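Everything on this sheet refers to the single structure shown next.
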Amino acid sequence: MDKSDIADVLNEIATLLEIKGENPFKIRAYQNGARKLETLEEDLGDLVSDGKLKEVAGFGDALVQKITELYETGSLTFFEKLKDSVEPGLVSMLEIPGLGAKKIKNMHKELGVASIEELKIACESGAVAELKGFGKKTAEKILLGIENREAYGRRHLWWDAFEVAKPILDGLQSLPEVDSASHAGSLRRKRETVGDLDFIVGSKTPKPIMDWFVAQEGVKEVTARGETKSSVRFESGLQADLRVVPPEQFYFALHHFTGSKDHNVAMRQRALSRGMSLSEWGLKPVDEDDFSNSKVISSEEDLFKYLDLEYVLPELREGAGEIEAAESGKLPQLLDGKSIRGVFHNHTTASDGRCSLEEMTKAAQERGWEYWGTADHSKASFQANGLDDERVLEQISLIDSLNKSRKFSTYVFSGVECDILTDGSLDLDESTLMSLDYVVSSVHISMTQTEEDMTKRLIRAIEHPATTMLGHLTGRILLRREGYKVDVSKVVDAAIANGVIIEINANPRRLDMDWRFWRRAADKGLMTSINPDAHRIEHFDFVEAGVNVARKGWLNESHVFNTLSVDEVRKAFAKRRPALGRLKAV
DNA sequence: GCCGTTTTCGGCCCGACTGTTTTCAGTCG
């Protein structure tokens with residue numbers, strides 16, 4: 001089992017304990033342990049074999065034992081027994097808003113309700129409304145929750161969520177009563193998916209702001225409406241929360257609700273070590289009762305300054321060592337999206353793209369890029385009209401003449417997204433591949449191999465002399481399918497050893513390789529290229545999502561291949577393809 | 001279940017909101 005599998009088990013344990021009515025702090029310890037595991041930089045195998053698991057803050061004797069057992073045997077006796085002791089239907093009931101462990105237990109005990117289906121019947125029959133502590137409204141709310149659960153998935157792509165958030169933010173900022181307004185939460189931290197939208201507003205007069213917020217266009221349901229906090233659900237299923245705080249609290253609240261939880265814990269601890277108490281209300285001496293004498297700040301930067309820290313950008317607030325880096329002045333100079341000078345890995349009508357070579361070139365030029373590169377599918381991707389050797393060679397000469405025509409100022413690099421076959425060999429002849437400027441090697445078929453086989457397969461493709469970049473490392477589709485299992489560390493090492501780039505596939509549904517791996521990989525010397533995988537001109541915009549990944553992965557400009565100028569790219573490609581004359585001619 | 005320079009027990013964030021109550025419990029973030 002790998003880190004994320006084990007983290008899943010820890011989270012499931014937490015859920016089961018919750019249903020059983022265990023001590024909430026014990027539950028939190030498991031959830032905390034799961035998060036720690038997911039953000040762990042070190043190799044889990046190393047930590048287990050070196051006996052260093054115990055040194056991770058948050059892992060005590062019990063968690064070390066359980067994680068070790070899961071890692072070594074792939075199962076956990078404690079977990080199996082726990083599962084047997086809880087009706088599985090109860091767990092899924094937790095997904096309904098407004099239902100927690102206590103209400104679920106109560107309904108199970110009094111009415112025998114043990115699944116969402118039974119719960120629905122119990123609500124409709126009026127049995128739930130008659131329970132002590134329940135009522136008509138509760139039953140209605142549960143029914144609505146069941147309906148919503150069927151209608152919408154629970155999380156949303158950052159890309160989609162941000163589209164919804166932008167006009168809300170603009171709307172808030174244009175209200176005369178609003179002093180300052182911002183989005184917060186995972187949306188602001190630019191996580192790949194977000195659960196809901198959080199907004200923080202500083203104002204002395206919350207009422208008209210709340211009125212506007214709940215009356216927005218597209219609001220399907222107002223799920224909470226108070227003086228300082230309101231929640232709405234949009235027709236798309238997205239939920240948005242608004243908090244209005246007095247102007248002097250705005251930056252404290254913004255920082256608090258931007259999170260992450262781990263980051264906040266670390267910040268509070270740091271405040272405490274300085275005799276201060278930090279919360280969404282302010283920063284005050286520990287021994288004072290309220291925040292009336294809080295420090296005054298006029299930006300988040302001020303808050304970090306009070307704690308003797310460099311400013312930590314929201315993207316980095318994941319509790320992954322950013323405080324330590326901010327303390328010692330070792331925060332990275334993060335990649336700026338403006339330094340992207342061109343993009344690779346894009347499709348045209350030659351395979352499954354929607355736009356022609358010229359349309360794509362024009363669009364790239366309009367974006368001010370110095371170059372862009374085609375990478376249509378190879379023939380094994382039959383469903384995508386993949387190119388065989390002959391069609392690849394035809395496309396190369398087409399691109400050659402387009403470049404020579406000087407019709408566009410943007411230069412076109414010829415590439416291909418070559419399928420990595422089941423055994424790790426590539427789908428096209430080596431001579432064809434070496435005639436291209438670059439090759440993105442990707443897996444699209446036989447994705448159910450074991451981790452060991454898949455790792456070997458990827459490494460073999462990386463070792464192929466024609467491979468320039470490795471495409472979407474795990475093949476994951478966010479919110480839809482897990483990626484295939486692969487030993488990331490071994491693949492990264494192989495890429496470094498062979499001078500191969502691993503792409504950040506910037507398609508908002510992929511964002512693969514994941515940001516969690518980048519800091520460590522880049523430290524070891526891995527380069528990336530932020531590739532939009534565009535299938536139409538609008539998809540060039542995906543670069544922004546890829547830049548988010550790079551920034552969350554602590555990458556700076558020097559780690560990103562497509563910040564190079566067109567001449568630098570030609571030189572880099574020419575190194576691997578010394579026989580290609582056109583790469584030398586500038 | 002974790003943690004500890006007031007350390008092996010007792011605290012772990014706590015306030016807003018809702019719906020049920022008539023002073024509070026449960027949920028949420």
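In what follows, chains are A, B, ... by sequence order, proteins preceding strands, each numbered from 1. None of the values given here were measured: they were computed from a predicted structure.
- Judged by distance alone, the side chains of A:Lys66 and A:Tyr30 do bring a donor and an acceptor atom under 3.5 Å apart.
- Annotation: of the two residues near DNA chain B, A:Gly60 and A:Arg28, the 5′-most nearest-nucleotide partner is A:Gly60.
- Nucleic acid contact class of A:Asn32 (heavy atoms, under 4.0 Å, all strands): none.
- Using a 3.5 Å distance cut-off with no hydrogens or angles, the side chains of A:Ser294 and A:Gln249 do not pair a donor with an acceptor.
- In summary, A:Lys207 and A:Asp211 engage in a salt bridge, as defined by a charged side-chain N under 4.0 Å from a carboxylate O.
- B:dT22 and B:dG15: their P atoms are spaced 25 Å apart (whole Å).
- Across all strands shown, B:dT8 remains unpaired; no Watson-Crick or G-U wobble contact has both distances below 3.5 Å.
- Candidate nucleotides B:dC13, B:dC2, B:dC3 were compared by shortest atom distance to the side chain of A:Lys54, and B:dC3 ranks first.
- Looking only at atom types and distance, the side chain of A:Ser489 has no donor-acceptor partner in the side chain of A:Asp43 under 3.5 Å away.
- At the heavy-atom level, A:Lys66 lies under 4.0 Å from the strands shown only through sugar-phosphate atoms.
- Between B:dC12 and B:dT5, the two P atoms lie 16 Å apart (nearest whole Å).
- Partner of A:His263 under the side chain to side chain donor-acceptor pair (under 3.5 Å) criterion, out of A:Arg189, A:Arg268, A:His255, A:Glu318: A:His255 alone.
- Here B:dC12 presents its P atom at 13 Å from CG of A:Asn23, a figure rounded to the nearest Å.
- Taking the salt bridge (charged side-chain N to carboxylate O under 4.0 Å, His left out) definition, one finds that A:Lys485 meets it with A:Asp5, sequence neighbours left out.
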Scan nucleotides 15-27 of chain B nucleotide by nucleotide, 5' to 3', and note B when protein non-hydrogen atoms come under 4.0 Å of the base, S if they reach only the sugar-phosphate, - if neither.
SSSSSS-----SS
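- When the C1' atom is compared between B:dC14 and B:dT8, the two are found 27 Å apart, to the nearest whole Å.
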